[in-house]
2 protein chains.
Amino acid sequence: MTQSSPLIVSSYSIHDVRFPTSLTGDGTDAQNTTCDYSAAYLILYTSPKDTAQIVSYRGREAEAINADVKEGGLRGFGMTFTIGRGNEICCQAIASIVEDLLLGREIEPLFADMGATWQLMVSDCQLRWIGPEKGVIHLATAAVINAIWDLFARSQSKPLWKLIADMSPEELVKCIPFKYITDAITPAEALEILQAAQKGKQERIDEMVRDGYPAYTTSAGWSGYDDAKVARLTRSALAQGFNHFKLKVGANVDDDIRRLSLLRSIVDDPKEMPEGRKQPSEASIAGKNAGPTGCVVMVDANQVWDVSQAIEYMKKLAHLKPWFIEEPTAPDDVLGHAAIRRGLKDSGVGVATGEHAHNRMVFKQLLQADAIDVVQIDSCRLGGVNEVLAVLLMAKKFGKIVCPHAGGVGLCEYVVHLSLIDYICVSGSHERNVLEWVDHLHEHFIYPVSINPSGNYNTPTDPQGGYSIEMLKSSIEDYSFPSGSYWKEGVARTDPPSAH
Amino acid sequence: MTQSSPLIVSSYSIHDVRFPTSLTGDGTDAQNTTCDYSAAYLILYTSPKDTAQIVSYRGREAEAINADVKEGGLRGFGMTFTIGRGNEICCQAIASIVEDLLLGREIEPLFADMGATWQLMVSDCQLRWIGPEKGVIHLATAAVINAIWDLFARSQSKPLWKLIADMSPEELVKCIPFKYITDAITPAEALEILQAAQKGKQERIDEMVRDGYPAYTTSAGWSGYDDAKVARLTRSALAQGFNHFKLKVGANVDDDIRRLSLLRSIVDDPKEMPEGRKQPSEASIAGKNAGPTGCVVMVDANQVWDVSQAIEYMKKLAHLKPWFIEEPTAPDDVLGHAAIRRGLKDSGVGVATGEHAHNRMVFKQLLQADAIDVVQIDSCRLGGVNEVLAVLLMAKKFGKIVCPHAGGVGLCEYVVHLSLIDYICVSGSHERNVLEWVDHLHEHFIYPVSINPSGNYNTPTDPQGGYSIEMLKSSIEDYSFPSGSYWKEGVARTDPPSAH
């Protein structure tokens, strides 16, 4: 092995990791009644080119999915998130992308032009057919792209957000896929935004490292929780410093009114406020229907309604003053979201969506049609960091705030980087933004996210942490499906609605 | 085995079938430069419940993908179409749906409520996450749904189109997924359309069986063909009775002008017309920029442009009078298509799209935004027959004509049924409609489509033919990838742009 031999992607392993969250009702909503939070998890291994043995699983991809976690060396970790069944399909798709497009490549040229690297991963004309840029192949693209970014950040000994914050505006623009969105934003416009955000960048970095990024909590409001649990978790969230709370709705309007009233009765009551609590700033809650204590409530229907149903149903909840209704209808329905937003204008309820908005073209249209108030990007639904950057820039240009989707497994670890990038490099503001926080499954990560006493996300600073997505070897092994010890012992299994 | 024991879906096999079309340049366009037309192919096997042995491959789905074709018994055949790499991912997804949702079920209750059956296949909350209703999981849904319809039609000894034509309007409405589209069409409106189309239905059936359904040809205009081949194939298409011709564009504007001029110079020349040719009726070519001989030319860019590029490029081709530009930009970009249509209005070029429109919500918006002139449904991109019915009804309501996407492998076999259903049960008109015809790979099917001397698709009438998609056992075996004799012998392989 010589020092000068360039590193190549010499091998990989893929892991179908599933956590049995369906047993506790975590993550339940009107659409998703039994979720086993899962990761289609990829590890890229590198070796010096002159001594590398390339391990290909071509034609036997199932072996990559059952391969052991190898330790040591420069590695890149990436994943996409699913809720259980179907995770195996994403694993297969990740294997196909890595085998067909990545294995054997030198890593430095990939890092030197991350825009070209992204293009390479999405442009194979045959793989493109089964998307394009949507569904399984795009979820898999996200896992691969995110693993490459993680590898890149680790190779530079920087957390991902810092790697990007240290890029010049010109370098950043080169990372962004503008294909199909130049009618909304051109490279020149993007450059202008990024250049303007150079001012005050170091101050914002210092602020973030010191104070963290504002968060909201969904942990109290899952459909599967009874009223007592909602009340208990709401009080606990207040004690943690939160002042934005989200509740799942859409299964039954009377239940929703009761649950939302319960939530409001707690968070609007000055007597419920923990000692020494600081009232949120006016600027941070402007236009959000905040109550007397400055608390903000949001509701989320997870796509259960048709367009007119959404308007009618939400009018019945409007007196409880939610800031926005999230995912009122099909995520593909740009015009439907615009109609709902118009329909709710008078009742003061906004519209948010994005966790299922599958690419930059959907966000482009949501912005062009003025269909939403809040842009909810997803770190794995979009094709990884590059495409997220495109959406952050469009949101900035169209003057909308970005509140990323998180929760599940690994999403909080990912999105804190994205909100930091948004604040530090793009928007220069987090006045009204809040980042979703869900307190599940962080214990499986080596660089877990955490919340500080002000209810803010702590900024990841470990120089070895990359994109914060490295999972404990033991977690990968125990929760691998179906061969890991947890599943093998038959502790839990959410059966599909099948006949047998 | 007793006569009265109900049949259940007792087993299945899945086949990754790939044809090496990249070797000849068939199917090439500006986006898809090397296509190996492929089928993720599903066979459902049934057995009487009391003696059935259910063969599950759960956890070892790869075995289903390599299982033998079993003969005999009532079987259902279904497929989704891809262009090569990635076909294995669709196969995996089909296995997951069949295992999780279909295996072991009785078939009669499935047939008795095909709407509920469709809902069952798309509503599993965990599988839904990796779509929803788009990409790989929806392509796989199409294969499964189409196989169930094939099984249903065979169980009734009718071709698929006839099975549906014999349903009452009330029965048909029950098959249709209205979720997320009631703002565009309600069940009551659909029923009204279907009831109105009852009038003259038998006459239309007789006409179709006698005359067939009008077609257009794409076979002459692939990007990979040189001018001499285009000219030769155009003359040959004229001799076959065609008067609508489609050319691939978008790679180079000068080449496109030359190729389109060449095409027009042949089809507009009265001296080139074959002896005894009948001039197309005025009604069939109204508003289509037809030339002096009544020939119509269309162009297809397969998504290569951004919005403004599309408008500029097409203005340079407008003097050659194409009827429409197909897929000018990203298939998700409803507002982009609307902008392009507005931008080309003065130049007289229409807009068509749909082969990558991934569900009824996309078509709904294309119609609501008045973004297209021609609705190009795909039999495998949409979630099978049920969702196609929803789009046919919306197209009728919005007054747009339907010209399905075909070609590839198996698509022509499928879509002739869909156009017949459109004419017989929904629109009652085929005045301006034409169904895409591509003369590839029909030899692999037991009930292949064919064209009559007037350039019309012959109507499938074999009572055993179902949805016409049963493939020859020998074709499945020889072209199975990578284990079939064709691929094993290493005759051809389109390598991806990888480093090794």
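Letters A, B, ... mirror the listed sequences (proteins, then strands); counts begin at 1.
- Residues B:Lys364 and A:Val307 meet the side-chain proximity criterion, which asks for heavy atoms closer than 4.5 Å.
- Residue A:Asn87 does not touch chain B at all, counting heavy-atom pairs closer than 4.5 Å.
- To the nearest 0.5 Å, atoms CG (B:Asp124) and CD1 (A:Ile83) are separated by 8.5 Å.
- Proximity to chain A (any heavy atom under 4.5 Å) is shown, for B:Ala62, by neither the backbone nor the side chain.
- Both the backbone and the side chain of B:Leu335 come within contact range of chain A, with heavy atoms under 4.5 Å apart.
- Residues meeting the side-chain contact (heavy atoms from CB on, under 4.5 Å) test with B:Thr182, sequence neighbours left out: A:Asp306, B:Phe178.
- Of the listed residues (B:Gln365, B:His356, B:Glu133), the one with the most heavy-atom contacts under 4.5 Å to chain A is B:Gln365.
- Both the backbone and the side chain of B:Asp333 have a heavy atom closer than 4.5 Å to some heavy atom of chain A.
- Contact tally against chain B (heavy-atom pairs below 4.5 Å) for A:His138, A:Glu88, A:Gln309, A:His358: the top residue is A:His358.
- Annotation: A:Phe81 is in aromatic contact with B:Trp129 [ring centroid separation under 6.0 Å].
- No side-chain heavy atom of A:Ser308 sits under 4.5 Å from any side-chain heavy atom of B:Asp183.
- With a 4.5 angstrom heavy-atom cutoff, B:Ala184 does not touch chain A via any of its atoms.
- For A:Gly131 against B:Arg381, the heavy-atom pair with the smallest separation is O-NH1, 3.1 Å.
- To the nearest 0.5 Å, the span separating CD1 on B:Ile130 from OG1 on A:Thr80 amounts to 10.0 Å.
- Contact of the A:Ile89 side chain with the B:Ile89 side chain is registered, since non-hydrogen atoms from C-beta on lie closer than 4.5 Å.
- In this structure, the side chain of B:Tyr180 does not engage the main chain of A:Trp305 through any donor-acceptor pair within 3.5 Å.
- B:Ile181 touches chain A through its backbone: at least one of N, CA, C or O sits under 4.5 Å from a heavy atom, while the side chain does not.
- Using a 4.5 Å cut-off between heavy atoms, B:Val9 makes no contact with chain A at all.
- Note: A:Lys134 leads A:Met361, A:Lys134, A:Glu61 in heavy-atom pairs under 4.5 Å with chain B.
- Judged purely by distance below 3.5 Å, without hydrogens or angles, the side chains of A:Arg18 and B:Gln126 never pair a donor atom with an acceptor atom.
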